[in-house]
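Here the structure is laid out as structure tokens; the discussion comes afterwards.
Below, all heavy atoms of this structure are taken into account, side chains as well, without hydrogens, waters or symmetry copies. Throughout, residue positions are numbered sequentially from 1 according to the sequence presented.
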Amino acid sequence: MAPQRHSVAVRPLGSAAVHGHRPPANRVGDDVLLDAARACVLAVGFRRTTLTEVARRAGVSRMTVYRRFPDARSLVAALMTREFRGLLDQAAVEAERAAAGGVRQRLVAATVACVHRLVENPLLRTVLELDPELLLPYLVERIGSTQRLAEQFLRERVVAGHRDGSVRRGDADAQARMLFLTAQAVVLAPRPAISGVAMSTLLDELAHHLDAALRPPADALPPAEAADNPADALPPAEAADNPADALRSPEAADNTADAGGAR
């Protein structure tokens with residue numbers, strides 16, 4: 001008797017979603033849910049984003065989403081943290097490649113690059129256009145987890161700049177806070193910031209501003225960097241620490257000699 005042959009149907013990968021079957025919850029990564037949440041926010045804004053819609057876009061059950069995130073606010077908070085961490089990493093890599101010199105130059109370059117990326121980021125732009133009031137508590141009441149992430153990024157580089165001598169000595173927490181607040185002012189007010197000013201020009205000015213705030217005094221700089229200090233290019237009357245030094249010009253000397261001859 002010939003043996004019976006049993007054919008086994010092999011379901012191609014991804015066919016579960018095609019046939020309406022959802023993948024098990026433990027096989028769904030957070031990135032799948034965050035990607036779906038991102039698409040929702042970009043389409044309808046934060047306030048109209050629901051866990052039900054996120055589940056539909058991700059092709060999972062609502063309970064799968066609820067097990068990871070209790071509400072839409074926590075889901076979007078995780079999305080913003082992921083988005084911002086990625087921007088910081090990209091800005092740091094760009095700065096390492098582009099900026100020469102010490103830690104200060106790379107810190108300034110990374111901060112400016114991150115500001116530029118945030119201003120152009122579609123997710124943040126959508127929140128600013130559709131739900132700007134959601135950001136108000138983080139401007140007047142508290143610093144959020146995403147903001148803390150940015151401040152820590154800046155603080156680590158300020159401390160490194162203290163070590164290599166390229167950043168002015170000071171309270172690292174206060175310096176990082178001022179860097180963060182300066183950058184945030186541009187990021188959260190892009191329209192007023194570029195009203196009548198090109199973005200590239202504004203970013204160049206931001207770089208000069210940050211560099212001047214972090215640059216050590218000329219006598220504390222390494223020799224090669226001290227030679228490039230803009231203060232060296234000032235006229236003697238402006239560069240002198242003592243205003244009386246500005247009077248010691250050839251003209252002043254002639255006047256003094258004339259006064260001596262008159263006596």
Side-chain angles (χ1 to χ4, degrees), residues 77-78 80-121 124 138-139 142-190 193 199-234 236 238-242 245:
M80 296 300 288
T81 298
R82 184 189 72 165
E83 191 89 1
F84 194 64
R85 188 186 296 277
L87 288 173
L88 284 176
D89 291 343
Q90 293 168 4
V93 169
E94 286 182 8
E96 290 290 336
R97 292 174 179 172
V103 173
R104 187 186 76 251
Q105 290 88 340
R106 294 194 295 275
L107 168 56
V108 169
T111 304
V112 172
C114 194
V115 166
H116 191 199
R117 284 182 173 275
L118 281 168
V119 168
E120 298 295 330
N121 182 263
L124 183 59
Y138 304 106
L139 295 177
R142 63 184 182 274
I143 294 178
S145 58
T146 302
Q147 293 166 303
R148 294 285 183 193
L149 186 67
E151 194 172 71
Q152 182 61 28
F153 174 90
L154 296 170
R155 189 187 184 283
E156 290 172 358
R157 284 152 181 81
V158 166
V159 171
H162 289 169
R163 287 196 296 265
D164 82 344
S166 65
V167 171
R168 172 178 54 81
R169 286 284 177 177
D171 185 304
D173 291 333
Q175 288 175 309
R177 178 65 54 82
M178 285 306 300
L179 289 173
F180 163 71
L181 291 174
T182 302
Q184 179 178 260
V186 179
V187 170
L188 296 185
M199 176 56 72
S200 58
T201 303
L202 187 71
L203 293 177
D204 287 344
E205 189 60 35
L206 176 63
H208 287 302
H209 181 82
L210 298 178
D211 187 78
L214 295 171
R215 180 184 286 270
D219 56 1
L221 287 169
E225 202 172 333
D228 296 331
N229 191 342
D232 296 338
L234 291 173
E238 292 184 54
D241 293 333
N242 185 351
D245 294 339

Heavy-atom check, side chain of [X] versus side chain of [Y], under 4.5 Å:
| X | Y | answer |
| --- | --- | --- |
| Thr111 | Arg157 | no |
| Met80 | Phe84 | no |
| Leu179 | Leu214 | yes |
| Thr201 | Glu205 | no |

Looking at [atom1] of [X] and [atom2] of [Y], how far apart are the two atoms once the value is rounded to the nearest 0.5 Å?
| X | Y | atom1 | atom2 | value |
| --- | --- | --- | --- | --- |
| Leu181 | Ile143 | CG | CD1 | 6.5 Å |
| Leu206 | Thr182 | CG | OG1 | 7.5 Å |
| Gln152 | Phe180 | CD | CZ | 12.5 Å |
| Gln147 | Arg177 | CD | CZ | 9.5 Å |

Which atom names give the shortest non-hydrogen contact between [X] and [Y], and what distance separates them?
| X | Y | value |
| --- | --- | --- |
| Gly161 | Val103 | N-CG1, 3.6 Å |
| Asp173 | Asp171 | N-OD1, 2.9 Å |
| Gly102 | Ser166 | C-OG, 4.2 Å |
| Ala172 | Val159 | CB-CG2, 3.8 Å |
| Ala113 | Ala91 | CB-CB, 4.0 Å |
| His162 | Arg168 | NE2-O, 3.2 Å |

How would you list, by chain and number, every residue that makes a side chain to side chain contact (heavy atoms under 4.5 Å, CB included) with Ser200, sequence neighbours excluded? Ala198

Which residues pass the side chain to side chain contact (heavy atoms under 4.5 Å, CB included) test with Arg85, sequence neighbours left out? Thr81, Asp89, Leu149

So does Met178 have more than 12 non-hydrogen atoms from other groups sitting under 6.0 Å from CE? no

Does NZ or CZ of Arg142 fall inside the cone over Tyr138's six-membered ring, less than 6.0 Å from its centre and within 45° of the axis? yes

Would you sort out whether Val112 and His116 count as a side-chain contact (heavy atoms from CB on, under 4.5 Å), showing the intermediate values? CA-CA 6 Å; Val112 172; His116 191 199; 5.6 Å; no

Test side-chain contact (heavy atoms from CB on, under 4.5 Å) on Glu83 and Thr146 and set out the steps. CA-CA 9 Å; Glu83 191 89 1; Thr146 302; over 6 Å; no

